[in-house]
K.L.:
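Please read through the structure below; I'll follow up with questions.
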Amino acid sequence: MRYRIEYADGRCCNFANSRKDLLDWLKALKDEKVVDIRKVYKNGVTDSVIDSYRSYLKQ
C-alpha cells in the first residue's frame with residue numbers, strides 16, 4: 001500500500017511505499033506540519049487515514 005504525506009501550505013508531499021516506511025517518515029519529521037495522510041490505492045483513489053496515525057505525529 002502506498003501513502004502520501006501532505007504538508008501545510010501545499011509546499012510538497014512525500015510518498016511512503018508501506019506502513020513501515022510511513023512510520024519511519026513520521027518519526028523523522030521535525031518542524032514540518034502534516035495536514036493529511038492519504039492511502040493511495042492502485043487505481044489512483046485516495047482515502048484520508050490521518051486519524052489512524054495522529055498518535056504518531058508530534059504536535
K.L.:
Taking C-beta and beyond as the side chain, do S48 and D36 meet within less than 4.5 Å on heavy atoms?
P.N.:
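In short, these two side chains touch, coming nearer than 4.5 Å.
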K.L.:
Linking I/L/V/M/F/W/Y whenever their side-chain heavy atoms sit closer than 4.5 Å, directly or via other members, would Y41 and L22 fall into one cluster?
P.N.:
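In one cluster with Y41: L22, yes.
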K.L.:
Side chain to side chain contact (heavy atoms under 4.5 Å, CB included) with A28: which residues, sequence neighbours excluded?
P.N.:
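Expected list: none.
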K.L.:
List the residues meeting salt bridge (charged side-chain N to carboxylate O under 4.0 Å, His left out) with D24, not counting sequence neighbours, and say none if there are none.
P.N.:
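D24 satisfies salt bridge (charged side-chain N to carboxylate O under 4.0 Å, His left out) with K20 only.
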K.L.:
Under the salt bridge (charged side-chain N to carboxylate O under 4.0 Å, His left out) rule, collect the residues that match up with D47, sequence neighbours excluded.
P.N.:
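Result, salt bridge (charged side-chain N to carboxylate O under 4.0 Å, His left out) vs D47: none returned.
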K.L.:
Linking I/L/V/M/F/W/Y whenever their side-chain heavy atoms sit closer than 4.5 Å, directly or via other members, would F15 and M1 fall into one cluster?
P.N.:
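Not linked; separate clusters.
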K.L.:
Could you tell me which residues satisfy side chain to side chain contact (heavy atoms under 4.5 Å, CB included) with V49, sequence neighbours excluded, listed by chain and number?
P.N.:
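Counting only residues at least two positions away or on another chain, V49 forms a side chain to side chain contact (heavy atoms under 4.5 Å, CB included) with Y3, I37, K39, Y53.
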K.L.:
For R2, enumerate each residue passing the salt bridge (charged side-chain N to carboxylate O under 4.0 Å, His left out) test, keeping only those at least two apart in sequence or located in another chain.
P.N.:
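Expected list: none.
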K.L.:
So, using side chain to side chain contact (heavy atoms under 4.5 Å, CB included) as the criterion, who are the partners of D31 when residues are at least two apart?
P.N.:
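None.
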K.L.:
According to a 4.5 Å side-chain heavy-atom criterion applied to Ile, Leu, Val, Met, Phe, Trp and Tyr, with indirect links allowed, do V34 and L23 form part of one hydrophobic cluster?
P.N.:
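Yes, V34 and L23 fall within the same hydrophobic cluster.
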K.L.:
Do Y7 and V35 touch side chain to side chain, with heavy atoms closer than 4.5 Å?
P.N.:
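With C-beta onward as the side chain, the pair stays apart.
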K.L.:
Only counting residues at least two apart or in another chain, list the ones meeting side chain to side chain donor-acceptor pair (under 3.5 Å) with E32.
P.N.:
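In terms of side chain to side chain donor-acceptor pair (under 3.5 Å), with neighbours along the sequence ignored, E32 is linked to no residue.
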K.L.:
Please give me the minimum heavy-atom distance between V45 and N43, naming the atom from each residue.
P.N.:
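Shortest heavy-atom contact: N-OD1, 3.1 Å.
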K.L.:
So, taking the atom named CG in N17 and the one named CH2 in W25, what distance separates them when rounded to the nearest 0.5 Å?
P.N.:
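One finds 10.5 Å between CG of N17 and CH2 of W25.
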K.L.:
Tell me, do R38 and E6 make a side-chain contact under 4.5 Å, heavy atoms counted?
P.N.:
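A side-chain contact under 4.5 Å exists here.
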